[in-house]
Amino acid sequence: MVSQRAQNLAPSATLAITAAAARLRQAGRSIIGLGAGQPDFDTPEVVKQAAIAALNSGQTGYVASQGLESLRDAAAAWVNGHHGLGLGPQNVLVTAGAKMAIALACQALVDPGDEVIIVSPYWVSYPALIELAGGVVRVVQARAEDGFQLPVDEILATAGPKTRALILNSPCNPTGAVADAKVLARLARNLTSRGIYLISDEIYGHLTFEGSLGFAGEEGVDPEYVVVIDGCSKGWAMTGWRIGFVATSSLPLISAINRLQGQSVTCATSFAQHGAVKALELGDSLIAPMREEFRVRRDLVSEALAAMPGVAIVRPAGAFYAFPRVEASLTGSFEGEPVNSSQQFCRLLLEQKGVATVPGSAFGCEGHLRISFAASREDLREGLARMSALIGELSDG
Ligand SMILES: Cc1ncc(COP(=O)(O)O)c(C=O)c1O
């Protein structure tokens, strides 16, 4: 049999929805995919050309496990741009995607029994990555009534002698909430001064519509305890390239992560790193057109959801997800079958109306569902119209 560790690992809920939608599509159904966790854009051409040039010039061997210096340089400049930390290439390590960066940071920081705080609704992989490192997950709830802002007082009340780290995600998957900069600074001051690490997952930072990132350089925050996670996946539409990075003032932490990476992955793909250098160098000029389209869709989705009876929506300030509350629809029935969970609602929406979304329960937040607006405006209008129709049929049922 497989190890206990592997047995304990739950499959990714988001991937399960994608697979179910693909099965229905194959069976000839018209399926609108609003479940995707990746931009529906292609990688910018200049980035592709940089990777192709690297391939053509024979950059096909291993590179340093910490990553290309030119990429670490560009990544440090990017992080310094909003955190004002004065990091250099020695403070950055390139990984095979941001998920791997979080996994390695957990492996490097967490001993068995150490507690790591996450805020619900949380990204589906955090609990698994913490537990794989032997850590204990402590969940603190952010509330829709508060616009999903960080529950700082609850976080501080939960942080105790066993707390090793807090994982933050702003802009947030699945809510799209962007944490208030002053609130973040207060939290960071308090935690880092107690020797608690703040792992700041900023993978959606490039897609911020309102609000700002950057708290690590604030007075009173100890940057040795701040670990920034970022990468090219979401901002530059490069999910398949698998380029992420970890950036921190703490050189012992970089060195530990480097050892872990050197003994497992070796290094992130060489020619993908060359493409990523171009992405980071050209930066926002490549991202801005995609962000603008996401902003238009954010408005379209927020307005359509707000108009649905019994649905409440906190307008996302970043990323490409909306996380409406559909609780009022979870007390009815459909053709005699009770509907009382977000999972059932999403299953009905997929099976009856052909719209793929992800249940809130996957993010530790029942009563909601996640709608990705990494889909065309046309698909969004049609998908939301079908969702509205289902809600109407449920209330009748
Ligand atoms: C919040 C969050 N962090 C990290 C990741 C992982 O990003 P990557 O594809 O670069 O591994 C994702 C991907 O969905 C995410 O939503």
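Atoms considered below: every heavy atom in the structure, side chains included; atoms not considered: hydrogens, waters and symmetry mates. Numbers here are sequence positions counted from 1. Atoms within a ligand are numbered from 1 in the order they appear, just like the ligands themselves.
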Can you sort out which atoms of ligand 1 are near [X], meaning under 4.0 Å from one of its heavy atoms?
{"X": "Ser233", "value": "8 (P), 9 (O), 10 (O)"}
{"X": "Arg242", "value": "8 (P), 9 (O), 10 (O), 11 (O)"}
{"X": "Gly97", "value": "10 (O), 11 (O)"}
{"X": "Asn169", "value": "1 (C)"}

Reference residue His368; test ring pair (Phe, Tyr, Trp, His ring centres under 6.0 Å); the match among Phe363, Phe148, Tyr321, Phe345: Phe148
Distance to 0.1 Å, residue and atom name: give those for the protein heavy atom nearest to atom 12 (C) of ligand 1.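 Minimum-distance protein heavy atom for atom 12 (C) of ligand 1 reads Trp123 CZ2, 3.3 Å.
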For atom 7 (O) of ligand 1, the protein heavy atom that lies nearest, with its residue and separation: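 The protein heavy atom lying closest is Ala98 CB, 3.6 Å.
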Taking atom [atom1] as the centre, does [X] end up with more than 12 heavy-atom neighbours from other residues, nucleotides or ligands that are less than 6.0 angstrom away?
{"X": "Gln343", "atom1": "CD", "answer": "no"}
{"X": "Glu45", "atom1": "CD", "answer": "yes"}
{"X": "Lys278", "atom1": "NZ", "answer": "no"}

Evaluate salt bridge (charged side-chain N to carboxylate O under 4.0 Å, His left out) for Arg186 paired with Asp153, printing each intermediate quantity in order. CA-CA 10 Å; Arg186 173 161 90 89; Asp153 293 333; 3.4 Å; yes
Would you check whether Asn173 has a nitrogen or oxygen atom less than 3.5 angstrom from a nitrogen or oxygen atom of ligand 1?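 Right, the criterion is met.
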Any N or O on Thr239 sitting closer than 3.5 Å to an N or O of ligand 1? no
Among Asp230, Asp201, Ile102, Ile229, which residue places a heavy atom closest to atom 2 (C) of ligand 1? Asp201
Looking only at non-hydrogen atoms, which of Lys99, Lys234, Met100, Met238 approaches atom 13 (C) of ligand 1 most closely? Lys234
Is Leu150 close to Val119 at the side-chain level, that is, under 4.5 Å between some pair of heavy atoms?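 Yes, close enough: below the 4.5 Å cut-off.
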Could you check if a side-chain atom of Leu348 sits within less than 4.5 angstrom of a side-chain atom of Leu394, using non-hydrogen atoms only?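 Side-chain contact under 4.5 Å: yes.
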